[in-house]
Amino acid sequence: MISILIFIIFFTGGAVWFTINCRKVRRNILIGKDIDRKDNSSQRWKLMALVAMGQKKMFERPIPALLHLFLYVAFIITQIELIEIVADGVSGSHRMFASSLGGFYTFIISFIEILSILAFIGTIAFLSRRNLLKVPRLVKSELNGWPKLDANFILLGEITLICFIFMMNGADEVLYRNGWSHVSESQGSFGFAISAHLGPMIFGGMSESALHVIERIGWWGHVTMVLAFLNYLPYSKHFHILLAFPNVYFSNLLAKGKFTNLDSVTNEVKLMFDPSAVVPPSDGTPMRFGAKDVMDLTWKQLLDSYTCTECGRCTSSCPANITGKVLSPRKIMMDTRDRLVEVGKNMDVNNGTFKDDGKSLLNDYITPEELWACNTCNACVQECPVNIDPLSIIIEMRRFMVMEQSSAPAELNSMFNNIENNGAPWQFSQADRLKWAE
Amino acid sequence: MAEYLAKGETPELLFWVGCAGSFDDRAKKITRSIVKILNHANVKFAVLGTEESCTGDPAKRAGNEFLFQMQAMGNITILNGYEVKKIITGCPHCYNTLKNEYPALGGNYEVIHHTEFIQQLISNGLIKIEGGSFKGKKVTFHDPCYLGRANDVYEAPRQILIDLDSQLVEMQRNRADGLCCGAGGAQMFKEAEKGNKEVNVERTEQALATNPNIIAVGCPFCNTMITDGVKHFNKEESVKVLDVAELIAQNL
Ligand code: SF4
Ligand code: SF4
């Protein structure tokens, strides 16, 4: 009885805490400006099925994709087992579905066990890719410190979780074989694909009480890890396992070369061409061209930042980055998120409104040098497995630097002057435009 | 265009030459090749000549939305004045800007890149390739970012190379995975930030790894960048950098 109570408090507490944190994230994302991404819902669902669920873009790099698939499928399928764990937890039963589902139960748990082994292999491979093989994109400087720790935490957590699953199933198997199981009075075997062999190998010969303790440690450990994971998500790059879905759904569906049109500029330009032009009145708030800080970005760009898994596919294909420039599209996303989290904390202590802290995304996180190194080539956008668009943030920040600060590099300013005066980026006269035909 | 108007005609097609195609000595040759192809296929076309002005692409990529929109509105006024319906461009940057970014400002045209247009001419039998001087030559194609990733045009230029009977070899990074030449995003007009390599050198290295006779391009800026890269490796004798239009024009 007491364990039921503990379980219910524990589980509800975990769920509530997670909900609170999710709402904070949602609030943070919604400080972004509005952008319409609700059109074409059927196309969006399809894209989500293909890219988020189907991992389509992952498979452009097949080896990590396969390893990742193990973890991904194992993660999803293991949630089925969680249903039983919750049912057992609140009712005090033991393997509630075992007798009613019969052979199907054996099949499901066996499936979970096999996937867990594959996930275990995947996790070990991922740990070695990060820490031993030092795959270039996984050891770049922007990952130093917390991001590296975060990645390793998750992987170690994964391994711990898998160990708990096998402790639980393995010990239970031995209990059953000795006729000590809570499932049945008689002796028998669950016949699960892995633990039916692994269990006796590891736990065979142990006393009944020791086995019960191990089984309970496995069970509680499993629950604890799941709740810990869940509540770790909002603080971690691992949040992508949930956000990847909405993020892909709200992808940009237009041509990648099409940059947004700044309507505020359009209105002013229209007035310059025709002073009598009718433009929609502004709502009175002073406008800022481009983005200096996270609140100048759109909610989709902020959602992007929370979704980024820090995998570095973008950075490893970025022409600027691979030729040694400081620009890294992954860092653009990480900085955006870090700044947004900082702004969120600021709002927490100021009754939900942001109090100027003298900092901004530009300069304090992202430097002009990074922004000016971009080729606007869209390689990062193309590569991202969850359809994140680092380029759009770079462009918004360039807009701020050019239109609000007039701080473009001198050569670009002379290019601007040339276009303005000669109608070409170079110092040629427009009257000479037809010279090629001579 | 003004001449056509004087005669009371509207040509079916406007050739948007672009700044590079108008002023850059190397790119002017590409412009003339495109014209040669259009004439060969008896396509009635016009150019804006001195009325053409920069599309504003480099300004937009550099973040100068004001200047971009000023340019765009100016150009749109002229294009709409001539009732232009269909535009062929010799530059993927003009192509992208006219096609994707002008509609929001009131400029709606059917825009087509010259490699797409030429490919259509070939498949419709309007131009016949003779000479076959590129038969069996190893050609690799460098995807311009603003034609490829930006607008998903990958196959038209390749089809032309196949039609030329050349041996098309792909770089390791091709199509959607292609690497920028280093000119995009207004980098053409400034020194690169501090790094350990130039982007064009990196890309040219990848192209040279295929051991090509020719590196084919579809953008005047890529052309400049890759040509410089080839010079960097002292390969200008053995490896030519040519626009797809030039390859066709040489075989008419
Ligand atoms: S668009 Fe900019 S940041 Fe993205 S890959 Fe290209 S150069 Fe790098
Ligand atoms: S932006 Fe996308 S590709 Fe880049 S690190 Fe984040 S998830 Fe990976």
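Hydrogens, waters and symmetry mates play no part in the numbers below; they use all other heavy atoms, side chains included. Every chain is numbered from 1, with letters handed out A, B, ... down the list of sequences.
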Checklist entry - Top residue by heavy-atom pair count (under 4.5 Å) with chain B, among A:Leu434, A:Asp263, A:Val269, A:Ile395? => result A:Val269
Next on the checklist: Between A:Asp293 and A:Met295 (side chain of the first, backbone of the second, donor and acceptor by atom type, cut-off under 3.5 Å), is there such a pair?
Outcome noted: no
Item to check | Heavy-atom pair count under 4.5 Å with chain B, highest-scoring of A:Pro425, A:Ala255, A:Cys318, A:Pro409 | outcome: A:Pro425
Checklist entry - Does the distance from a Lys or Arg side-chain N to an Asp or Glu carboxylate O, for A:Asp432 and A:Lys435, drop under 4.0 Å? => result yes
Item to check | Among the listed options B:Lys194, B:Glu202, B:Lys29, the residue most often paired with chain A at heavy-atom distances under 4.5 Å | outcome: B:Lys194
Checklist entry - A:Trp372 versus chain B, heavy atoms under 4.5 Å apart: side chain, backbone, both or neither? => result both
Checklist entry - chain A heavy atoms under 4.5 Å from B:Glu52: which part of the residue, side chain, backbone, both or neither? => result both
Next on the checklist: Quick test of your reading of the model: are A:Arg288 and A:Asp296 salt-bridged, counting only N-O distances below 4.0 Å?
Outcome noted: yes
Checklist entry - Does B:His113 offer a backbone N or O that forms a donor-acceptor pair with the side chain of B:Glu116 under 3.5 Å? => result yes
Checklist entry - Who wins among B:Arg149, B:Arg32, B:Glu198 for the most heavy-atom pairs under 4.5 Å with chain A? => result B:Arg149
Checklist entry - What is the ring orientation for B:His93 with B:Tyr146, classed by angle as parallel under 30°, tilted 30 to 60°, or perpendicular over 60°? => result tilted
Item to check | B:Glu65 versus chain A, the contacting section by heavy-atom distance below 4.5 Å | outcome: both
Item to check | Pair A:Asn387, A:Lys57: side-chain N/O donor-acceptor within cut-off below 3.5 Å | outcome: yes
Checklist entry - Heavy-atom distance under 4.5 Å to chain B: side chain of A:Glu383, backbone, both or neither? => result side chain
Item to check | Under 4.5 Å from any heavy atom of chain A - which part of B:Gln69 | outcome: both
Checklist entry - Taking the side chain from A:Asn375 and the backbone from A:Cys377, do they hold a donor-acceptor pair closer than 3.5 Å? => result no
Next on the checklist: Heavy-atom pairs under 4.5 Å with chain B: which of A:Lys256, A:Glu60, A:Glu420 has the most?
Outcome noted: A:Lys256
Checklist entry - Between B:Ala104, B:Ala186, B:Ala176, B:Cys181, which residue shows the highest count of heavy-atom pairs closer than 4.5 Å to chain A? => result B:Ala176
Checklist entry - Do the side chain of B:Tyr102 and the main chain of B:Thr55 share a donor and acceptor less than 3.5 angstrom apart? => result yes
Checklist outcome for this item: Cut-off 4.5 Å, heavy atoms of chain B, and the answer for A:Glu268 is side chain
Checklist entry - What residue, out of B:Gly184, B:Cys145, B:Gly56, B:Ala192, has the most heavy-atom pairs lying under 4.5 Å from chain A? => result B:Gly184
Item to check | Pair B:Asp243 + B:Arg26: basic N to acidic O under 4.0 Å | outcome: no
Checklist entry - Is there side-chain contact between B:Trp16 and B:Leu79, with heavy atoms separated by less than 4.5 Å? => result yes
Item to check | Basic-acidic side-chain contact under 4.0 Å: B:Glu205, B:Lys197 | outcome: yes
Checklist entry - Does any heavy atom of chain A fall under 4.5 Å from the side chain of B:Arg173, the backbone, both, or neither of them? => result side chain
Next on the checklist: Do A:Leu262 and A:Met403 have side chains that approach each other closer than 4.5 Å (heavy atoms only, starting at C-beta)?
Outcome noted: yes
Item to check | Under 4.5 Å from any heavy atom of chain B - which part of A:Phe400 | outcome: neither
Item to check | Interface residue of largest heavy-atom contact number with chain B, from A:Ser317, A:Ala437, A:Ala320, under 4.5 Å | outcome: A:Ser317
Next on the checklist: Heavy-atom pairs under 4.5 Å with chain A: which of B:Lys28, B:Arg203, B:Lys190 has the most?
Outcome noted: B:Lys190
Next on the checklist: Heavy-atom cut-off 4.5 Å, strictly under: side chain, backbone, both or neither for B:Ala20 against chain A?
Outcome noted: both
Item to check | Heavy-atom contact with chain A under 4.5 Å, split by part of B:Asn64 | outcome: both
Item to check | A:Ser414, part contacting chain B, at a heavy-atom distance under 4.5 Å | outcome: neither
Checklist entry - Considering only heavy atoms, which portion of A:Met401 lies under 4.5 Å from any heavy atom of chain B: side chain, backbone, both, or neither? => result neither
Item to check | Residue A:Phe273 versus chain B: region with a heavy atom under 4.5 Å | outcome: side chain
Item to check | Pick from A:Ala379, A:Ala424, A:Ala408, A:Gly257 with the largest number of heavy-atom pairs that fall under 4.5 Å of chain B | outcome: A:Gly257
Next on the checklist: Treating A:Thr298 as the side-chain partner and A:Ile35 as the backbone partner, does any N or O pair qualify as donor plus acceptor under 3.5 Å?
Outcome noted: no
Item to check | A:Arg433 NZ/CZ over B:Phe23 ring centroid, <6.0 Å and within 45° of normal | outcome: no
Next on the checklist: Given heavy-atom pairs under 4.5 angstrom as the criterion, report whether the side chain, backbone, both or neither of B:Val35 touches chain A.
Outcome noted: side chain
